[in-house]
Protein chains: 2
Amino acid sequence: MVKMSDVAKRANVSTATVSRVLSKEGYVSEETRNKVLEAIDILGYTPNRLASNFRKSSSHTVLAIIPDITNPFFSEVVKGLEKVAAERGYHVLLGDTGNSLHVERDLMELVREQVADGVILATARVTNEEIEKLGRGLPIVVACEYFDGISIPTVSIDNVVAAREATQYLIDCGHRRIAFISGRFNIVLNRDRIRGYRQALEYNGLHVHEGLIQEGDWTMESGMNAMSRILAMDQLPTAVFAASDEMAVGALKSLKAKGLRVPDDMSVMGFDDISLSEMVEPELSTVQQPKRELGELAIRMLLNIIEGKKLERTQVILSHRLVIRGSTAPPRSAHEGGR
Amino acid sequence: MVKMSDVAKRANVSTATVSRVLSKEGYVSEETRNKVLEAIDILGYTPNRLASNFRKSSSHTVLAIIPDITNPFFSEVVKGLEKVAAERGYHVLLGDTGNSLHVERDLMELVREQVADGVILATARVTNEEIEKLGRGLPIVVACEYFDGISIPTVSIDNVVAAREATQYLIDCGHRRIAFISGRFNIVLNRDRIRGYRQALEYNGLHVHEGLIQEGDWTMESGMNAMSRILAMDQLPTAVFAASDEMAVGALKSLKAKGLRVPDDMSVMGFDDISLSEMVEPELSTVQQPKRELGELAIRMLLNIIEGKKLERTQVILSHRLVIRGSTAPPRSAHEGGR
DNA sequence: CTGTTAGCGCTTTCAC
DNA sequence: GTGAAAGCGCTAACAG
């Protein structure tokens, strides 16, 4: 492996000079620069970034900790991360926790070990306090999730408001009995969505039936199962709001299997607006999150922290948007003139 | 930042000893080990992996070059990569090329720069010869795609046979006029699928109508458009085989929009068996690829190369499987007793 | 079993 | 503008 000193020797300069032309910092005369460049070319020199990183004690790498890369929501976020990381000369190390708290904690270590300069934490399993503790000193930004009164930078949508609006939309359609298919109860982001759902019902003077809130785990299968449980009740809702599009699609399938029609017999609302929602029939009404932007902004903030720039804002809320497609409509009873 | 020499001092030993207890290599007496461990604990020492990597000139990182992390097929493959990488103490650097040949070439540089110890190249845009050249010397394995007579290790299914079988299945159903929605023509993996399609037709003495082969770009939209083009022809096929599930779903949508029923009016076959294929209605018949395993095996091979172990086999073909679901059936003319 | 020592390849003062 | 030299924190011979 040819190294800098080889280039220096060949060009009759010192390694300091070679380093200077490579880093484009400090003055080097046009003439020397050309000599060096030529030597590099002839010898086919490639700088050893490992050595450079070590010396500068910066890996130019950020770690993306995500629960599951297979989840289309997160792959969109990661795509955003990757894009601006590349633009700014950073690399992204992928840490897929498989939803394990343990793995999440382990991965954080990598920053202390200097393997990464900072962390993007998407949907934290660790607690508020733990993040604060872990984050002390190391560059970190939490993406997709908002923590109240936390000192760690955060980028997300307002899940409470988004869920409230979606629920309100169903209420405005005339639905009075609305089920909620939830993600895991222990996830903050999901609890926010439940809260929004409750708020909308309460605001409209509707009773919150605990039995209508069924827990899933974001997957389609769990959505199917949750819907089946709901369909087994003796008083059926006329609409169901799922905390993820996959679960909403599961609900769709379960409904079809039981011979119920969407939206005629039951309205279905999803969350996230992943591409899947336009691929099913009927297309899913859902809450659109700016996935790519979430990732882009999160990493911009992180890189700014790493590079010592001050952030103007440490908690950023991006805007969501209700997307109404074919899976929601007024309840049949409303069509028929009430009951 | 507390370093190894601090620990050494505190434990009254040399850094060599500390290094030994950390690496678990070489003999250290139980007593000294405990002293060291205690010192580490008290001081809150974390080894600097950047320094260690530099010294050992190994980053313990592999680079995954993929065209698009947002594509569910690749995210599954990456999931597999990540899993065994983590098991074996490696990290995976994500390189999303966005289908750009240029970016693909640039990323390869990272290995020469020692940022990564090796590369997994999923669906190469670069040519056969270029891979050979680039790969000379650096650990690399090509995943998902098979190159004839290449010296670089490869893990994939047999796309030719898989496509042939899928086409044969449609023929066996009674279809005689079968369209093919292709991915980009310049991609090897896709050309293999076209070849399989042609082989099946020819083997059964059916004419290959060039107009029935329409190019898409793997996305749902491109599948819709390709299907629309096919539907504009004056003699319609009775079945369509798409080179990806997303494109097949696009075909489904286009068909529905035109009021045609699947599989009654037209059979649709996909490729990949991503989860989407079970989410649409009717569920998609498709060719299942062992995505996760593809990733797992590819990285196993790569790590073996990196660690200097010999590979038993350098070109591995994993098995695919035809999955028949609701989107394929005999053509209506067959139902009605021929025409 | 443990310590001494010599770097890994690069960057960065500090002189000149 | 350029060079000399001192390490960054760790590992790995090599002695002992």
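Order of the sequence lines sets the chain letters (A, B, ...), proteins ahead of strands, with each chain counted from 1.
Along DNA chain C, the nucleotide nearest to B:A16 and the one nearest to B:A51 differ in position, and the one closer to the 5' end is contacted by B:A16.
To the nearest angstrom, P of C:dC1 lies 14 Å from NZ of B:K35. Rounded to an integer number of Å, the gap from A:K24 NZ to C:dT11 P is 12 Å. For the pair A:Y27 OH and D:dG3 P, the computed distance is 18 Å after rounding to whole Å. In this structure, the CD atom of B:Q114 is 9 Å from the P atom of C:dC10, given to the nearest Å. The distance from atom CG of A:N53 to atom P of D:dC10 is 16 Å, rounded to the nearest whole Å. Remark: P of D:dT2 and CG of A:N34 are 11 Å apart, rounded to the nearest angstrom. Here the P atom of nucleotide D:dT11 and the CG atom of B:L22 are 7 Å apart, to the nearest Å. When the P atom of C:dT12 is taken as reference, atom CD of A:E25 falls 7 Å away, rounded to whole Å.
Note that the CG atom of B:N53 and the CG atom of A:N53 stand 10.0 Å from one another [nearest 0.5 Å].
Among the heavy atoms of the strands, none lies under 4.0 Å from A:V18. As judged by a 4.0 angstrom heavy-atom cut-off over every strand, A:S57 is placed among residues making no nucleic acid contact. A:N12 comes within 4.0 angstrom of sugar-phosphate atoms only, judged by non-hydrogen atoms across all strands, and of no base.
With distances taken from any side-chain atom of A:K3 to the nucleotides C:dC8, C:dT4, D:dC10, the minimum falls on C:dC8. Of the candidate nucleotides D:dT11, D:dG1, D:dG3, D:dT11 has the atom nearest to the side chain of B:R55. The side chain of A:V13 lies closest to D:dG3 when the candidates are D:dC10, D:dG3, C:dG9. For A:K56, the listed nucleotide lying nearest its side chain is C:dT12; candidates were D:dC10, D:dG3, C:dT12. Across D:dT2, D:dT11, C:dG9, the shortest atom-to-atom separation from the side chain of A:S29 is found for D:dT2. Side-chain proximity of A:T32 to the nucleotides C:dC1, D:dG1, D:dC10 is greatest for D:dG1.
The pair A:K79-A:E76 does not meet the salt-bridge criterion, since no charged nitrogen lies less than 4.0 angstrom from a carboxylate oxygen. Between A:K83 and A:E87, at least one side-chain N (NZ, or NE/NH1/NH2) sits under 4.0 Å from a carboxylate O, which counts as a salt bridge. A salt bridge is absent between B:E31 and B:K35: the closest approach of a Lys/Arg side-chain nitrogen to an acidic carboxylate oxygen does not fall below 4.0 angstrom.
OP1 and OP2 of C:dT2 both lie 4.0 Å or more from every side-chain N or O belonging to B:T17. At D:dT11, none of the side-chain N or O atoms of B:T15 fall inside 4.0 Å of OP1 or OP2 (strictly under the cut-off). Taking 4.0 angstrom as the limit, B:S52 places none of its side-chain polar atoms (N or O) nearer than this to OP1 or OP2 of D:dC10. The phosphate of C:dG9 has neither OP1 nor OP2 within less than 4.0 Å of any side-chain N or O from A:Y45.
Side-chain atoms of B:S59 and B:Q114 form no donor-acceptor pair, as typed in the model, at a separation below 3.5 Å.
Checked by distance alone, A:R33 brings no side-chain donor or acceptor within 3.5 Å of a matching partner on the base of D:dG1.
A distance-only check finds a donor-acceptor pair linking the side chain of B:D117 to the backbone of B:H60 [under 3.5 Å].
In this structure, A:F54 packs face-to-face on the six-membered ring of D:dC8, meeting both the 5.5 Å centre cutoff and the 30° plane limit.
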